[in-house]
Every structure is written in structure tokens, then in C-alpha cells.
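The figures here come from the full heavy-atom set of this structure, side chains too, leaving out hydrogens, waters and symmetry mates.
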Amino acid sequence: MVLSEDSNDHLFKKHQELSTKLNLDINTITQAWQSFQTIQTNYSLEGEALHWLGCAVFVACRKTTTPTVSRSTVEGNCVSLTSLLRHCNLSLTQFFNKITKWADMANLSEDFRQKIKRLEGNFAVSYNIFKKFTPIFNEIFKGPIDMDLRSSRNRKTKAPLCTPTKVFEFCWTLFTTVKGQNPLYSEDIVMSYHLLQACCDLAFRNAFLDNRKDLLNPSFPELPPNWSDPNYIAPKEAPCIINYLCSKHDGIAAEVKYVKEYSWKEHIKDLFSKDILQGDEDTFTGFFDPANFDSNLRNITKTYEAQLLNRGDFDERIFLGDALVTESSRSGENSLPGTPGSAKKVNPRTQMDSTPLSTATKSVARLQSLLAGRQSGPSELLLQILQGCKIDPTEKIATIIESLGDKFRTEFTRQSSSVPMITPDYANQRLQLAITLFYKFVENIFQKEKTLHSDISHLAVQEIFYECTLACSLEIIIYSYNCQRKFPWILNALNVEPFYFVRVIELIVRSQDQLPRDAVKHLNMVEQKIIESLIWKSGSPIWRILSNSGENFPKFEDIALPGNMVHSEEQPAPGQILRRSLNNQLQSPGPSAVERFQSPISDVKKQLFKPSQTPTKTSHAVMVDKDGTKQLIVLEKPIDSTSTTPVKAEGSSPSSGRPKKSGSLSIIIRKFYNLAYSRMKQLCNKLDITDLKFTQKIWTVFEYSIRDHTHLIKDRHLDQLLMCAVYVVCKVTSTREQKFAEIMQHYRGQPQASSHIYRNVLIDRSSTQEVTDEGINSDIEKRGDLISFYNTVYVLAIKSFALQFKEQDPNIALSPLPLINNNFASPRCQITDNLYITSYDTPTNGGSKTNSLEYHFSRSPSKDLEKINNAINKHIVGKRLLGYDEDTYTPNNKVQRKMQSLVEQRRSQVTE
């Protein structure tokens, strides 16, 4: 967008004023202004121009280096991010939103993008840690923390040096200083929180041993009963409050004590050795002594400010004054915002227990409980299973673990400009947890496979199975500790292909019913990320497998399970018998591990269900009535026994209950089609596209683009082809007109949406004969936005096919729609300790118990469900759940609400 000369001069004046306030050098000023002009010319910058100038200045500052006295260099020109945001009147949440868009428009390097993500992650960690720090401090020390400030404003006498407010500031600054000395804590929210709890324990110890009744809260439960007595004498040792803090405010006591002993104390000793802290160096006390406190606060503040300039990070002390984190004063909001990018409304009753920190700590605790009593090696049961195979793979598994473990340690501890250094000890801790989890997964998967197949030797010798399972175990551990090494980092570190990795995800989820719910959701996200883009990279094995198969990309109806297709015909074809089969529906269970790791494409060679006694040809479909009601049906057509029509060799009879094509590739493509339709349906709902015929046209065009022009998805994203399919059908039909900008606007509301998907699309790739420094030819990529891709690439391939929908010909064959059943979840949903919902085909542990109550959906009489409800009402089932308001909270009602929600969800799945 080109601005007028007056507007451009006004912006340049603002830029000069900002540069003067920040004391920028001439090179940084020039570079920032040139980049701003370039972006302003090519893009339309919405909002305040000064905010975008701030982004340009930030990038220019971070690209420079500043020499120091010690002849080293510091990245950046020592411009504080806090000062930059203050002078730009820009909040942190606004900054992260705009700098991410700026990175896309300026096509910044991946390394720089990782720095932005790490900075945003640091903010999210610090914000959530501070939210926990405030209630912990107010419970230990007197509050409110600012009362002493208000009480001393009208006094002519000097305010006391050591007050609850000053102690609050000292504790937070000490914590952030120690955290900044080891960037690992900014990577790991759980370890960072445990470090904070160690800091609070130290602060309590100092106040307790100094008998500071003016600081400590007399109602704190860990104080002695006679604490308030005038003659109370402080003991020589202070009680450790770590166990109490972990039980009351979430935490893992064993890990807090480990952090305190082997990390926190070492950092405190280092601060003593540098004369930053004053007091008793042996006992770490005397911090709050009037002779030491003022210098301690001053020195630790200077140390933190020096770290801040070296790192170029945001000032975590802003939480103390609630300054930059909140939106501008004009918005009228005084509360701290959520994690950057989160606009989700949270129920006030559940807000305290829904933070990322509480979720992470509970997830880690759940994992440790899951692995309690297990070692990082195979159990006796697993050894028996492995020894029962034709070839014992025990040694092979150990070799794979050793090899991948070395790769993990090397990559996890590797330091770069965008990734901080991590100690080998920390990497080994995470690896040992993952190995323990790996053996548990392998044991559970093999146990289930033994019930399905008499011989699992074919699976037991698959090295890729163990590699993917260990990679998935590491990803669960990394995610649970909220480490900033985001997926697909683990695949790149271990050199595991996404095409193979995606095969084990559902196996792991279904094999372990006690896996934390947030870990299951994360694996669902990982699976979607792989299916939507990662497996379509140019180097993915899927292209070689498709080429070797000698077949075209399969249609959805070739790989769909029976009953998972929706046809729009209102009447069955002549000669077919209509029979409802809602209550007696035969559903194929999920593919086993043996099937997932068999040949990529294979025809069905066995029948899953017994064929019908009468010679009929059976197919499954979902009929949609005029009122939109869906009904599952089976279409049976009598087969003439005297017919001599040959049967095609490919695929099996539809009556076998199996798809026409099976194999590991067919499973992945089926997931791809299901995911595509799920997102297409969401987008159509947002665009108010409710006509089934119109939806089928969009789906038909999308399926055609994948089947007949598979190259369109290479190095691109599923969502890009979906949005193009929606637009082209709206374009060629006269019944509806939709702007591309509106489609992208509604797409941005989807949870997986990201700006780079529609702003950074591959247009063309060409090889050059130029030899690079690495000695290889380099590819030149031409990229643009989604509209450019549509005009230059997509429409050329789809135009002739899409134009047939312009005539509104009712005889045009439309592709059947997938019937989505969102059942990617653990087969066992725990309500309380004694009440759970599980799939009917999931075997229960220990067999059926005589005193158990069971209800099978669509099978059991209603009286069985009434017995369960009566048991809940009589306090028989479960423990009392914790509530937020003791006066209004009723544990029975909460269980009933959860039960009712699950019952309605299961009924809706059955009726669909």
C-alpha cells in the first residue's frame, strides 16, 4: 500500500522520535526504516502504524551484534524490549501477534522465527508462574502486599526497608535471576515452578529463623502453634514447607527437593561467591536482616538488569506492577491477559485449575504414577512375550534404544542462537523416563496383539516400530514438561519419518487407558499435523510408495470402512432391498499393529465378518432424509447364481465388512480424507453452506484435486487445497458467490489455522546449476499467498473439471462424503476411581466382578443405568471431588453432569 507523501513524512518523524528515545545507532535506524517501507509497500498494515514500526525496530536490533569489554559479542544492541514496547504503547500480547505476522511478511529466517517463539514461550512460562507465586506468597507472608506502601505514604518517617512488599519484589527478582542463569528453566514450566517453590521455601526459612513476625502470616499452617506467643523463641532449624506447598498449590515434592538440592543451592552459592548476596553463606540465612536486605535487593536487581540486556528478553518484573502485560489503558482492562493468542473464555469456577502450569504438573504427576514401580527395562511379562517370538528381539531393542538415546542426548543438549544450552544430566532424566514409558507401551501393544494374532513375530522384528514408539514416548515426556522443543523437533532429532511415526500414535493411545487426557489431545494434534502437511513433504516415503504401487491415489470409497460414507440419494437404486441396521451395526475395529506395519498397499484377502447366508450383494451407506436426519442402512441386492459375470480381482466383496483396499498406506489416507472432511465441514458451517449437494460438489472437487493432480499437495498444506476447492465451486456456480478473503477470514477461526498457511504458499520450485558452499545444487522456491497459488497453479489444473458444475447437471456423479466419528480418545474414560466408560470391545482387567454395575449402550435395559444412578446418589461411587465453593458445590451433581454429557455424546454417535 503506497501512502501519500505527507503520511510518509509523518511516519518517518515518528520513527526518528522512537529511535531517539531508544538511542539507536544509525545503521539500525536505516535498516528498520527500509524494512518498514518495503513491507508497507507490499502489504496493507492494519492498526496503529507505530506498532509496526516497533516490529521493524525489534528485528533490526536483534540482527545486530554489540562488542563487549571482554572482547566477546552480545546479540542485539542492548535495547531493552520493555523500553521498546513502552515507547510504542504496545502490550506484550499485541507484540507477539504483530511480530509473528511481520515474520511472515518479511520472510524472516526460521532461526529468527524460533527466537520469537522462544520469547513468547518465556513470557507464557513467566506469566503462569507469577499467577501461582502470588497466592503462595500471600499464604506464607502477610498481605495484602501493598498495604505497607499505602500506610507509609502520609508518614514523614522513612519507610522500613524490609516489608512484605519489598520481600515480594526480592523473591520474584531472585527467582527470575536464578532462572535466567540457566535458560533450561524457561524451556520447562514444571522445573521453573519447582524452582519457584524452592525460592519460597528459602524465603520462609529466612523469615522464620529471624523470628520476623512482622513478615510471616500468623495463619500459615506450617508455623508452630505458639508462634504468636510473646515469649516464643525461634529454633535453630526451620521446617521445610515443600511438601505442604506441593500438596496445596500443585507440585511434585520429590522433584522440588531435587531441584532445591542440586540446582537452587548451587546458584545461591554462586551469588554469595560474587558478593551479590549477603548473609550466612553456610545456612543461606540473614537475607532479611536490616543490615543486609537493602544491599541484597539492590544487587540482585542490578544482576537481573545486566542479564536482561545480554539476553534481549522481556522484563519479567513487569508482573510486579502489571504494566506492559495488560492492554493499553484505553481498553479499560486491568487484569492480566492469558497466554499469547488465547482468546478462549474460561469458566470462573474452573479458571484456577485450568492453567498450563497446573495442567503440566498434574500431567507429570500422572505419568510418574503410571510408571511407579517400573524400571527403564523390559518387565518379566514382556521378556516372556519377546522370547516367545521366532526371533527374540530383546537385543535389537536395546541396540535401538542406545542408538536413538545417543541421538537424543546430542540434539537435546545442542546449543544454538535460538535454543538455549541444556545440561546432559537433564537430558538423561528425560530419556530414562521415556525409556520406561517405551517398554510399558510395547508391553501393552504386544499383549493386545496376542489376543488378535496368534503369532506377532512379524511385528516384533520391525525396527521402525520400536523407533517410532520410543520417539512417541519422548514426545509425550517433552510435552508433559512443557518443553519449548515443539513437535516435530523429536522427529528431526531422531531422523524418524512422519510417515512411519503416525502409525504408532493410535496404537499407543488405545493401549494405555491411563494416559493423561492432555497427552492424548496432544497426540491427536500431532497426528493431524503429520497428516495435513508433514507426510506430503517432497522427501517423504509416501511418494516412493505411491510410485511403486503403480496405482492412482485411491478414492475415499476405496479405503472407507463400511457404514462410513454418506450418500445423498433419497431412494435406493431399483432392485435393492432397504434394511435398517442401526441396532445391529457391524463395525470394524481399529487396525491392529500388525496391519499398520504390513505392506503399504494390499488387497483384502480375508473376511472379518461371516458372510450372509443368502447370496446377496451388500453395501453400506448413510441415507439423509429431506429434514436432514441421517440413518445407517444396509443395501442388499440379490445375486443371480446363474450369472457368469466375472468378479473383479481387486478388493474383496463388500459383504466382508472390509474396505476395498487395506494396508498401512490405506489407513493413513483414510485418516487424511476424514480430517479433510472434518475441516471442510467446519469451514462450510462458518460460511453458512448447509446444502448437502453443494457440500458434495466441494468434496468432489477436493477429491479430484488429490487423486488426479496429487502433485498439488506436495510440499503444501491440506487446508490450502480445501480453501481453493470451496472458492472454485462457489465461483463456478451461479447460486452462491463467495470472496476468497471471506473464506480465509472464517478459516482463521479454526484451531489449527496459522497465517503462514495462506500467506506463505509454494508456487513453484526450480533447480539451479549454481553450486553452493555445501557443494550441492540448490532449489529456488517461489512463494506467495494463497490467492497467487490459486490463480497461477490450482485453477489451471482444476478449471476444466470444476466447470461441469456450472450447468447444474443432476446426472453428474458426486463423491460420497465421509461419516466422521470423532472417537480419537482413550478407550477408557474415568469419571471417578470406581466409575468409568469404556468401549465394549475393550477387555476389562481381571474379568467381570460380581459386585460391579454395567450398562451397555443400545444393549442393556434402562434399569441397569438406573442402578448406576442410584449408586451415585447414595455416595457409593467415587471419592469426593474438590470444589471451589464449599457452600454451593455438590459432588454428586458434578458426577451426574459428567455422566449425562458422556451419555448424550455416546447416544449422538450411535444415532449418527
Side-chain angles (χ1 to χ4, degrees), residues 499 531-533 535-538 540-560 565-568 600-601 603 648 650-651 659-661 663 665-680 683-684 693-733 743 761-765 786-809 811-818:
F499 176 76
I531 293 174
E532 70 188 12
S533 61
I535 61 172
W536 308 114
K537 299 291 185 182
S538 54
S540 174
I542 195 172
W543 301 109
R544 172 179 51 82
I545 295 173
L546 286 172
S547 177
N548 294 340
S549 67
E551 300 180 1
N552 294 330
F553 197 93
K555 298 183 294 184
F556 171 72
E557 58 182 323
D558 289 340
I559 47 87
M565 290 185 294
V566 177
H567 295 271
S568 61
I601 298 180
D603 293 332
K648 293 184 179 181
E650 66 175 21
K660 297 178 182 178
K661 294 181 181 295
L665 180 61
S666 298
I667 297 171
I668 294 175
I669 294 178
R670 184 189 310 139
K671 288 179 175 290
F672 170 77
Y673 275 128
N674 288 334
L675 178 63
Y677 178 69
S678 175
R679 293 184 177 177
M680 188 194 79
L683 187 58
C684 288
K693 279 283 187 181
F694 198 91
T695 305
Q696 277 193 286
K697 292 178 181 179
I698 298 174
W699 178 252
T700 303
V701 170
F702 171 78
E703 189 182 57
Y704 171 79
S705 67
I706 295 296
R707 292 188 60 250
D708 290 43
H709 300 277
T710 314
H711 66 279
L712 291 176
I713 194 68
K714 180 179 285 189
D715 289 319
R716 296 189 179 96
H717 197 282
L718 160 67
D719 296 347
Q720 295 167 354
L721 299 189
L722 277 178
M723 285 186 279
C724 289
V726 173
Y727 177 76
V728 73
V729 174
C730 294
K731 184 77 172 177
V732 299
T733 56
I743 296 176
V761 187
L762 177 65
I763 305 297
D764 188 23
R765 177 187 287 112
L786 186 59
I787 297 178
S788 300
F789 164 74
Y790 174 85
N791 291 328
T792 58
V793 180
Y794 183 86
V795 74
L796 299 180
I798 304 298
K799 183 177 181 180
S800 59
F801 180 81
L803 285 176
Q804 64 179 324
F805 298 112
K806 188 175 183 179
E807 304 299 330
Q808 303 293 329
D809 186 357
N811 297 322
I812 297 178
L814 299 178
S815 301
L817 299 175

Partners of Arg679 by side chain to side chain donor-acceptor pair (under 3.5 Å), sequence neighbours excluded? Gln528, Glu532, Asp719
For Asp715, which residues count as a salt bridge (charged side-chain N to carboxylate O under 4.0 Å, His left out) partner, sequence neighbours excluded? Arg765
I'd like to check the ring-ring contact (aromatic ring centres under 6.0 Å, His included) partners of Phe702; sequence neighbours left out, ordered by chain and number. Trp699
Among all residues two or more places apart in sequence or in another chain, which pass the side-chain contact (heavy atoms from CB on, under 4.5 Å) test with Ser800? none
To the nearest 0.5 Å, what is the distance between CG (Asn674) and CD1 (Ile669)? 12.0 Å
Which pair of heavy atoms, one from Ala676 and one from Leu718, lies closest together, and at what distance? CB-CD1, 3.5 Å
Once side-chain contact (heavy atoms from CB on, under 4.5 Å) is applied, do any residues pair with Thr700, and if so which ones, sequence neighbours excluded? Phe801, Phe805, Leu814, Ser815
Got a second to check how far Ile706's CD1 is from Leu712's CG, nearest 0.5 Å? 7.5 Å
By side-chain contact (heavy atoms from CB on, under 4.5 Å), which residues pair with Thr710, not counting sequence neighbours? Trp543, Phe553, Ile713
Pro818 versus Tyr677, closest heavy-atom pair with distance: O-CE2, 3.3 Å
Output for pair (Arg716 CZ, Leu762 CG), nearest 0.5 Å, gives 4.5 Å
Stepwise, does the side-chain contact (heavy atoms from CB on, under 4.5 Å) test hold for Phe499 with Leu665? CA-CA 9 Å; Phe499 176 76; Leu665 180 61; 3.8 Å; yes
Heavy atoms of Thr733 and Val729 approach each other most closely as OG1-O, 2.8 Å
Results of side chain to side chain donor-acceptor pair (under 3.5 Å) for Lys731 - residues two or more places apart only: none
Test of understanding: with ring-ring contact (aromatic ring centres under 6.0 Å, His included), list the residues that count as partners of Phe672, not counting sequence neighbours. Trp536
Taking only residues two or more places apart in sequence, or in another chain, which ones meet Cys730 in a side-chain contact (heavy atoms from CB on, under 4.5 Å)? Ile689, Phe694, Val726, Arg736, Gln738
Of all pairs that satisfy salt bridge (Lys or Arg N to Asp or Glu O under 4.0 Å), the ones with a partner from residues 697-707, not counting sequence neighbours: none
What is the distance from atom CG of Leu786 to atom CD1 of Ile763, rounded to the nearest 0.5 Å? 8.5 Å
Do you know the tightest heavy-atom contact between Ile542 and Ile535? CG2-O, 3.0 Å
Applying ring-ring contact (aromatic ring centres under 6.0 Å, His included), can you list everything that pairs with His709, at least two apart in sequence or on another chain? Tyr704, His711
With rounding to the nearest 0.5 Å, note down the distance linking CD in Glu551 to CG in Asp558. 9.0 Å
Sub-4.5 Å side-chain heavy-atom contact between Met680 and Thr695: yes
Listed partners of Thr792 passing side chain to side chain donor-acceptor pair (under 3.5 Å), at least two apart: none
On a heavy-atom basis, the closest approach of Pro816 and Gln696 is CA-NE2, 4.1 Å
Identify the two heavy atoms, one from Pro554 and one from Ile559, that lie closest to each other, and give their separation to 0.1 Å. CB-CG2, 4.2 Å
From Ile743 CD1 over to Cys724 SG, what is the distance, rounded to the nearest 0.5 angstrom? 8.5 Å
